[in-house]
Amino acid sequence: MDSFSKKLLTELEQMQQQTGRILRSMSLPRMMPMESAGWQPPADIYESETDIYVYVELAGAVSDSLRVVVDGRRLRVSGQRQLPPQTSIACIHQLELELGPFQRTLNLPEPVEVDRVESTYANGILMVVLPKRVRKERVQIRITPGGM
């Protein structure tokens with residue numbers, strides 16, 4: 001591949017990433033959350049040969065309130081985010097941080113081994129590692145003699 005094509009491909013990939021970020025931040029469910037579920041934190045899903053990785057941005061979330069539930073091919077993350085109380089506020093100039101209860105349900109690309117799921121929360125990012133369910137390519141079926 002010549003240098004012009006490589007540069008063009010690199011720029012297209014960067015545009016795709018930027019467009020993805022813009023669309024994620026403008027997604028309808030995040031802009032208009034249902035009252036019962038609260039707000040929805042942004043999440044990324046990656047896949048390797050053996051695992052599915054989910055990263056959820058939860059800066060400021062109370063770690064004791066975090067709940068991760070895996071059910072078949074769905075992952076649900078819920079919890080609470082609050083700011084420390086400020087008694088001396090006289091005027092608000094800008095409000096962008098979403099606070100209160102949150103819940104995010106994500107569809108997983110493949111079934112996972114629910115007994116082996118692990119999660120960690122550090123530096124405002126919740127990481128969930130979900131091992132893929134191993135499918136056997138070939139199974140030998142034992143035939144039992146029947147009495148008729």
Side-chain angles (χ1 to χ4, degrees), residues 1-140:
M1 184 181 297
D2 65 356
S3 63
F4 176 75
S5 297
K6 286 181 183 178
K7 182 169 175 59
L8 182 61
L9 185 60
T10 301
E11 288 187 22
L12 286 173
E13 287 174 351
Q14 289 173 349
M15 285 174 45
Q16 181 182 16
Q17 289 174 350
Q18 291 171 348
T19 303
R21 286 186 191 110
I22 291 169
L23 291 175
R24 281 194 305 267
S25 69
M26 294 175 53
S27 68
L28 189 59
R30 290 193 65 223
M31 291 186 340
M32 299 182 343
M34 297 179 352
E35 284 188 34
S36 63
W39 59 280
Q40 294 187 346
D44 289 343
I45 301 174
Y46 301 93
E47 184 175 352
S48 72
E49 290 286 326
T50 58
D51 300 304
I52 297 170
Y53 299 91
V54 178
Y55 295 89
V56 185
E57 180 186 312
L58 297 173
V62 180
S63 60
D64 291 343
S65 75
L66 296 179
R67 300 289 176 256
V68 176
V69 178
V70 181
D71 180 19
R73 291 180 66 165
R74 292 169 39 129
L75 170 71
R76 187 175 70 240
V77 177
S78 60
Q80 179 90 7
R81 178 163 69 186
Q82 293 299 122
L83 291 178
Q86 298 290 332
T87 57
S88 62
I89 292 177
C91 181
I92 297 172
H93 293 277
Q94 184 167 331
L95 286 174
E96 291 183 6
L97 296 177
E98 299 188 66
L99 302 173
F102 63 84
Q103 179 173 305
R104 183 74 193 264
T105 301
L106 301 162
N107 292 319
L108 302 171
E110 290 195 37
V112 297
E113 297 286 345
V114 295
D115 296 335
R116 295 180 34 227
V117 173
E118 295 180 3
S119 65
T120 57
Y121 179 58
N123 300 320
I125 301 291
L126 174 71
M127 181 179 79
V128 184
V129 180
L130 305 113
K132 292 181 186 179
R133 185 177 299 156
V134 179
R135 294 184 197 156
K136 295 184 179 178
E137 296 292 322
R138 182 186 234 176
V139 177
Q140 172 111 11

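For the numbers below, each heavy atom of this structure counts, side chains included, while hydrogens, waters and symmetry mates do not.
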query = Is there a side-chain contact between P42 and V56 (heavy atoms, below 4.5 Å)?
reply = no
request  = Check whether any side-chain N or O of D2 sits under 3.5 Å from a backbone N or O of S5 as a donor-acceptor pair, and report yes or no.
outcome  = yes
request  = With salt bridge (charged side-chain N to carboxylate O under 4.0 Å, His left out) as the test, would you mind laying out the steps for E47 and K132 before giving the verdict?
outcome  = CA-CA 9 Å; E47 184 175 352; K132 292 181 186 179; 2.6 Å; yes
ask   = Ignoring hydrogens and geometry, is there a side-chain-to-backbone donor-acceptor pair from R116 to L130 under 3.5 Å?
value = no
message = Is there a side-chain contact between V129 and V117 in this structure, where contact means two heavy atoms from C-beta onward sitting under 4.5 Å apart?
response = no
Spatial distance of atom CD1 (I45) from atom CG (L108) [nearest 0.5 Å] = 6.0 Å
message = Using a 3.5 Å distance criterion without hydrogens, assess whether the side chain of R67 forms a donor-acceptor pair with backbone atoms of D64.
response = yes
query = Which of these, V54, T120, L58, sits in a side-chain contact (heavy atoms from CB on, under 4.5 Å) with L126?
reply = L58
task = Any chance you could lay out the side chain to side chain contact (heavy atoms under 4.5 Å, CB included) test for E98 and R81, step after step, and finish with the verdict?
result = CA-CA 8 Å; E98 299 188 66; R81 178 163 69 186; 4.1 Å; yes
note = Nearest heavy-atom contact between R133 and V112 is NH2-O, 3.6 Å
request  = Measure across Y53 and S48 and return the closest heavy-atom pair with its distance rounded to 0.1 Å.
outcome  = CE1-OG, 3.8 Å
message = Set out, in order, the CA-CA distance, both residues' side-chain angles and the distance that settles side chain to side chain contact (heavy atoms under 4.5 Å, CB included) for L9 and F4, then state yes or no.
response = CA-CA 9 Å; L9 185 60; F4 176 75; over 6 Å; no
query = Between S63 and Y121, what is the shortest heavy-atom contact and its length?
reply = CB-CD2, 3.8 Å
remark   = d(L106 CG, R74 CZ) to nearest 0.5 Å is 9.5 Å
task = Can you measure from CD (E113) to CG (D51) and round to the nearest 0.5 angstrom?
result = 10.5 Å
Least distance between heavy atoms, W39 atom then G100 atom = NE1-O, 3.2 Å
task = Please confirm whether the backbone N or O of S78 pairs with a side-chain atom of R104, one donor and one acceptor, at under 3.5 Å?
result = no
inquiry  = With side chain to side chain contact (heavy atoms under 4.5 Å, CB included) as the criterion, how do Y55 and V128 come out once you've worked through the C-alpha distance, each side chain's angles and the decisive distance to 0.1 Å?
reply    = CA-CA 7 Å; Y55 295 89; V128 184; over 6 Å; no
request  = Check whether more than 12 heavy atoms from other residues, nucleotides or ligands sit under 6.0 Å from atom CD of Q82, and answer yes or no.
outcome  = yes
ask   = With distance as the sole test, does S65 use its side chain to make a donor-acceptor pair with the main-chain N or O of Q80 at under 3.5 Å?
value = yes
note = Shortest non-hydrogen pair, I89 vs Q86, comes out as CD1-CB, 3.5 Å
ask   = Looking at P41 and E57, what are the two nearest heavy atoms and their distance?
value = CB-O, 3.3 Å
query = Can a donor-acceptor pair be found between the side chains of E96 and Q94 at a distance below 3.5 Å?
reply = yes
